[in-house]
**Student:** 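Would you mind keeping the following structure in view while I ask a few things?
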Amino acid sequence: MLTLKFIQENTDLIIKRLKVKNFDATEIINKVIEQNNRRKETQAKVDLLKAEMNTISKEIGKLFQEKKIEEANAAKEKTTSLKEEIKSLDAAFASIDDEVNKLLVQLPNIPHELVVPGRDETDNVEIRRGGEIPQLPETKKPHWEIIKDLDIIDFELGTKLTGAGFPVYKGKGAKLQRALISFFLDEGEKAGYNEVLPPIMVNEDSGFGTGQLPDKEGMMYHAQADNLYMVPTAEVPVTNIYRDVIVDEEQLPIKNIAYTPCFRREAGSWGAHVRGLNRLHQFDKVEIVQIANPKTSYQQLDEMVAHVENLIKKLDLPYRIVRLCGGDISFTSAMTYDFEVYSAAQERWLEVSSVSNFESFQANRLKCRYKAKDMKKPELVHTLNGSALALPRIVAAIIENNQTETGIKIPRVLIPYTGFDIIE
RNA sequence: GGAGAGAUGGGUGAGUGGCUGAAACCACCGGUUUGCUAAACCGGCGUACGGGUAAUACUGUACCGGGGGUUCGAAUCCCCCUCUCUCCGCCA
């Protein structure tokens, strides 16, 4: 969320910029400022009363020590009404503070200057393309047919075990998953990322820290008996490592990489366009997360984009990179690049990665700050993350684009990991 | 799951219901001394939200795992919760 200070100092700018996200912030901001003024007034009042109370209490202590019992008791009586006043003002303060926070979490992050206005994904800005779209024969098949023919990914079996959207990977299909995960992690390590293997269930505080709670509660599986959530992405546990942490400036940027299964309920968003691997309830993903100095966070974003691009290049997949427009970018992001690979049998682009700079929006929720020696006060860090990469659609593209009469050719870089070069 | 012990600032760790936002030590920062380094000595060293200021200074309040209570006054007493450790049980 945006900080109060920033809102107070940049009201017009925020309203103007949020229009890019098709969000009219005027009313919320006015209310925030109004409520915050009330909050300040109330605090000033209650602080004064508390100061008075503290003074009296100290005096009473002194009087008792000097054995002036009667004077002490007389002073005690003065406190009764003070106490009540404090109690009611405290309650008022708490409720105003609560209101301010409720308003604050409704404001989206302001988009970066480069983010263009737009309605939806059709207004996204293509940055560049790479790779070559393969010419497949007329007999080409979509991946959901191929995986069935080869018996490497089994949806029906997953449905029996769990439900729709929980496929079972079998044989070379399973091994291909493992190969991709290892490949992505190794490439990340070479690029300076530190590998972590976090829990895949998180508590409420973590869900709030990265912004899934309270609004998007429905996206996560919830284990109610223990009040834990299945992670929708490794971003949640890995970013929350830095919740309530003040880091030294020299430590920045902190670069972590994590593989986790990801769980998404995706209620109500199923249809023909999400067949096969295109959308799942459980899938595997390698995620990169950076905690960055605000001064250099956009350089870090570029670095992450380059890293992801490099992965796709190495897998020899045709891709394009788009910068999301205001209408397509997420609530929490200031700038997002989506990576899409071309799926030659479905003849469509599939999103395989989303790389974002959240600036201080998440950091403010997380209370993650940094401090340099010459800084009086700690300041919020910038957080960034990106998929590097999400497996299912990469797998779909490999299967479709690399289909031959004899089988699916494995990209060269993966062969050391799979131990085979074709799935037949 | 059962029994017990505990949770204090970046770390170790003291703390009798008032003089404790919190000793001491370590780490860290600034300085003095000194051929250099080290040592020694002196000083500084939390966070949030207010007031104040051009900005400092200064100043109010809150915070000793979290939440409630008792009290004029709570790190300290009481209740609930969470977590950690030890022992027992169970277990990949």
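Sequence lines set the chain letters: A, B, ... in the order given, protein chains first and strands last, and positions in each chain run from 1.
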**Student:** Is there a side-chain polar atom (N or O) of A:K377 under 4.0 Å from OP1 or OP2 of B:A48?
**Tutor:**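 For B:A48, OP1 or OP2 has a side-chain N or O of A:K377 closer than 4.0 Å.
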**Student:** Please report the distance separating the P of B:U12 from the corresponding atom of B:G1, rounded so that it comes out in whole Å.
**Tutor:**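 Rounded to whole Å, the distance is 29 Å.
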**Student:** Provide the Watson-Crick or G-U wobble partner of B:U20, both distances under 3.5 Å; none if there is no partner.
**Tutor:**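 Partner of B:U20: none found under 3.5 Å.
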**Student:** A:I7 CD1 to B:C49 C1': how many Å, rounded?
**Tutor:**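 Whole-Å distance recorded here is 16 Å.
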**Student:** Considering only the P atoms, how many Å lie between B:G9 and B:G4, rounded to the nearest integer?
**Tutor:**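 Per the computed distance, 27 Å lies between those P atoms.
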**Student:** Ignoring backbone atoms, test whether A:R39 places a side-chain nitrogen or oxygen under 4.0 Å from the OP1 or OP2 oxygen of B:G50.
**Tutor:**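 For B:G50, OP1/OP2 do have a side-chain N/O of A:R39 under 4.0 Å.
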**Student:** Going by the rule ring-ring contact (aromatic ring centres under 6.0 Å, His included), which residues pair with A:Y298 if we only count those two or more places apart in sequence or in a different chain?
**Tutor:**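 A:Y298 satisfies ring-ring contact (aromatic ring centres under 6.0 Å, His included) with A:H112 only.
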**Student:** Both distances under 3.5 Å, Watson-Crick or G-U wobble: report the partner of B:U34, or none.
**Tutor:**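 Looking at the geometry, B:U34 pairs with no nucleotide.
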**Student:** What integer number of Å spans the P atoms of B:G52 and B:A57?
**Tutor:**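 Their P atoms lie roughly 15 Å apart.
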**Student:** Which whole number of Å gives the distance between the C1' atom of B:G60 and that of B:U53?
**Tutor:**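 Per the computed distance, 16 Å lies between those C1' atoms.
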**Student:** P atom, B:U84 versus B:G69: distance in rounded Å?
**Tutor:**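 About 28 Å, rounded to a whole number of Å.
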**Student:** Taking only N and O in the side chain of A:N54, is any of them less than 4.0 Å away from OP1 or OP2 of B:A62?
**Tutor:**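 Affirmative; the distance criterion is met.
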**Student:** Tell me the interatomic distance from A:L48, atom CG, to B:A62, atom C1', rounded to whole angstroms.
**Tutor:**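 So the CG-C1' distance, A:L48 to B:A62, works out to 15 Å.
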**Student:** Between A:R369 and B:A48, is there a side-chain N or O to OP1/OP2 distance below 4.0 Å?
**Tutor:**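 Checking A:R369 against B:A48: at least one side-chain N or O falls below 4.0 Å of OP1 or OP2.
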**Student:** Any pair with a residue in residues 187-210 of chain A that passes ring-ring contact (aromatic ring centres under 6.0 Å, His included), sequence neighbours left out, goes on the list, sorted by first then second residue, please.
**Tutor:**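 Found A:Y193-A:H307.
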**Student:** Are the side chain of A:N10 and the backbone N or O of A:F6 linked by a donor-acceptor pair below 3.5 Å?
**Tutor:**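 Yes; at least one donor-acceptor contact below 3.5 Å.
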**Student:** Any side-chain N or O of A:K5 less than 4.0 Å from the OP1 or OP2 oxygen of B:C49?
**Tutor:**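 No, outside the criterion.
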**Student:** Can you tell me if A:K83 touches the phosphate of B:G73, counting only side-chain N or O atoms and a distance under 4.0 Å to OP1 or OP2?
**Tutor:**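 Answer yes for this pair, as a side-chain N or O of A:K83 is under 4.0 Å from OP1 or OP2.
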**Student:** Which base, if any, makes a Watson-Crick or G-U wobble pair with B:G46, both distances under 3.5 Å?
**Tutor:**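 In the structure as shown, B:G46 has B:C63 as its Watson-Crick or wobble partner.
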**Student:** Work out how far the C1' atom of B:A5 is from that of B:G17, and round it to whole angstrom.
**Tutor:**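 Taking atom C1' in both B:A5 and B:G17, they lie 24 Å apart.
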**Student:** Flag this pair as yes if the NZ/CZ of A:K172 is under 6.0 angstrom from the six-membered ring centre of A:F420 and inside a 45 degree cone about the axis; otherwise no.
**Tutor:**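 Cation-pi check for A:K172 and A:F420: passes.
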**Student:** Distance alone, cut at 3.5 Å: any donor-acceptor contact between the side chains of A:N364 and A:T3?
**Tutor:**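 No donor-acceptor contact under 3.5 Å links the two side chains.
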